[in-house]
Amino acid sequence: AIEALFMRLAREKCRTLVFTITWRDYMLNFGKVNLTPLKRAFVALPLAVLPALAPALAHAAPVPVDLSGWVENGFKGNNGAGTWTVQAGNDSVLQSINGEPTVFFEAGSNAQGTTLRGTIKVNTSGDDDFVGFFLGYQDGELNSTAADFWMIDWKQANQAPATVGLALSHVSGDIRNGGNADPTFWAHTGTVNEVQRATNLGSTGWADFQEYAFDLLFTSTQIQVKVDGVLELDYAGSFTDGAFGFYNYSQSNVLYAGITEEALPDPCDANPPGVGACPPTEGSVPVPGTLWLMALGILGLGQMRRKRA
């Protein structure tokens, strides 16, 4: 209905109006419109909320992630705790040994504002330990005195004090001088603080030789994890930026495959400054939605009176 109204205005009174699909172009073209003062007020008032009525069309498609330049970090500087072999196509990697906590990641990268997708599969029945991911990881943090990253790990079976299931934990503090991997990473204690267990898989382990699809969303305020399309973890907070990484602890023959990355839409593409998740800029004053509705009502009354006359 809104689109039809604008089109009608264009036909009747706005022959010089150039219709555009972006907020910036709309602002630039506003001065070209030939409108009565009443209609000009109507058009001006919703400028702060117009993008919410027409979401941005530009949206990046998923692209394969090239793992050929990624590196490994091991627990307390024990690099080599995992053997990570990038597979043909460079979008998959096999971790092949049983060792201490290890992560495979792209050094210096930042993953916030992206969704990462792929599959994970344990190609053995000989063990039942941890597979998963790191978020917000910085090079060397597994040997840091001031770590601050997030861990998603999945244990196949109970093995006291380790607990079966999928969980999200905040890893922070002094890893280098702290406790051993068992019990810290094994039992989620000390520098590893478990904050949430999965909705359906919180007490269910992964199955041998079964492939699972994962979706990880990571922003400065939200972490979401889907397994086979089902939302399992959804946690809000304030998160530092850093790399996405594959995590492994004491589990051999794990294939992380078909990895793609997709940039999330910029909230400022669909909202003006100060509206929604788009931060305000200096001097910007958001216009309340109710004011826009009032303008719509005033214009409608004006049109009715005009017809009756």
Side-chain angles (χ1 to χ4, degrees), residues 67 70-88 91-105 116 118-135 137 141-143 149-169 171 175 178-194 196-198 200-214 216 225-228 230 232-233 244-259:
L67 306 178
W70 289 32
V71 298
E72 186 258 356
N73 276 179
F75 183 69
K76 293 194 175 185
N78 179 26
N79 295 344
T83 298
W84 300 86
T85 306
V86 176
Q87 307 296 291
D91 64 347
S92 304
V93 63
L94 176 69
Q95 200 297 114
S96 55
I97 68 172
N98 183 317
E100 290 197 313
T102 174
V103 60
F104 189 65
F105 68 104
L116 293 121
T119 63
I120 187 169
K121 182 179 181 181
V122 179
N123 287 314
T124 182
S125 58
D127 210 346
D128 59 3
D129 293 326
F130 291 98
V131 299
F133 313 94
F134 282 178
L135 293 172
Y137 183 81
E141 277 195 286
L142 271 179
N143 190 36
F149 61 93
W150 294 80
M151 178 176 74
I152 301 153
D153 63 353
W154 197 3
K155 183 86 166 62
Q156 186 187 40
N158 285 317
Q159 196 173 355
T163 304
V164 63
L166 180 68
L168 173 68
S169 299
V171 182
I175 294 178
N180 295 328
D182 181 3
T184 53
F185 282 77
W186 191 259
H188 297 172
T189 188
T191 54
V192 180
N193 176 37
E194 182 180 304
Q196 191 175 84
R197 293 198 74 81
N200 303 292
L201 300 174
S203 57
T204 300
W206 47 264
D208 300 331
F209 305 105
Q210 181 170 333
E211 183 176 84
Y212 298 93
F214 65 84
L216 304 179
V225 180
K226 293 181 181 179
V227 179
D228 290 337
V230 178
E232 292 288 346
L233 295 165
F244 162 86
F246 302 114
Y247 169 64
N248 187 285
Y249 181 15
S250 189
Q251 181 58 55
S252 63
N253 294 316
V254 183
L255 181 66
Y256 306 79
I259 311 304

Does a side-chain heavy-atom distance below 4.5 Å link Tyr247 with Leu135?
no
Are side-chain heavy atoms of Asn73 and Tyr137 found at a separation under 4.5 Å?
yes
Can you name the salt bridge (Lys or Arg N to Asp or Glu O under 4.0 Å) partners of Asp128, sequence neighbours left out?
Lys155
Any donor and acceptor pair, going by atom type alone, linking the side chain of Asp228 with main-chain N or O of Ala213 inside 3.5 Å?
yes
Would you indicate whether Lys226, at its atom NZ, is surrounded by more than 12 heavy atoms from other residues, nucleotides or ligands within a distance under 6.0 Å?
no
Angle class for the Trp186/Tyr249 ring planes (parallel below 30°, perpendicular above 60°, tilted otherwise)?
perpendicular
Among Phe214, Tyr212, Phe130, Phe133, ring-ring contact (aromatic ring centres under 6.0 Å, His included) partner for Trp154
Tyr212
Applying the ring-ring contact (aromatic ring centres under 6.0 Å, His included) criterion to Phe246, which one of Phe134, Trp70, Phe105 satisfies it?
Trp70
Is any side-chain heavy atom of Trp84 less than 4.5 Å from a side-chain heavy atom of Asn248?
yes
Let me see the working for Trp206 and Leu201 under side-chain contact (heavy atoms from CB on, under 4.5 Å), right down to the final yes or no.
CA-CA 9 Å; Trp206 47 264; Leu201 300 174; over 6 Å; no
Please confirm whether the backbone N or O of Gln196 pairs with a side-chain atom of Glu194, one donor and one acceptor, at under 3.5 Å?
no
I'd like to check Glu141 versus Val103 (side-chain heavy atoms, cut-off strictly below 4.5 Å). Are they in contact?
no
Where the side chain of Gln251 meets the backbone of Asp129, is there a donor-acceptor pair that is under 3.5 Å apart?
yes
Between Ser92 (side chain) and Gly258 (backbone), is there a donor-acceptor pair under 3.5 Å?
yes
Sequence neighbours left out, cut at 3.5 Å: what donor-acceptor pairs do the side chains of residues 118-127 make with other protein atoms?
{"residue": "Thr119", "atom": "OG1", "partner": "Ala257", "partner atom": "O", "Å": "3.4"}
{"residue": "Thr124", "atom": "OG1", "partner": "Gly126", "partner atom": "N", "Å": "3.0"}
{"residue": "Asp127", "atom": "OD2", "partner": "Asn98", "partner atom": "ND2", "Å": "2.6"}

Between Glu72 (side chain) and Asn79 (backbone), is there a donor-acceptor pair under 3.5 Å?
no
Is there a donor-acceptor pair under 3.5 Å between the side chain of Gln87 and the backbone N or O of Thr85?
yes
Step by step, would you call Asp208 with Gln156 a side-chain contact (heavy atoms from CB on, under 4.5 Å)?
CA-CA 9 Å; Asp208 300 331; Gln156 186 187 40; 2.9 Å; yes
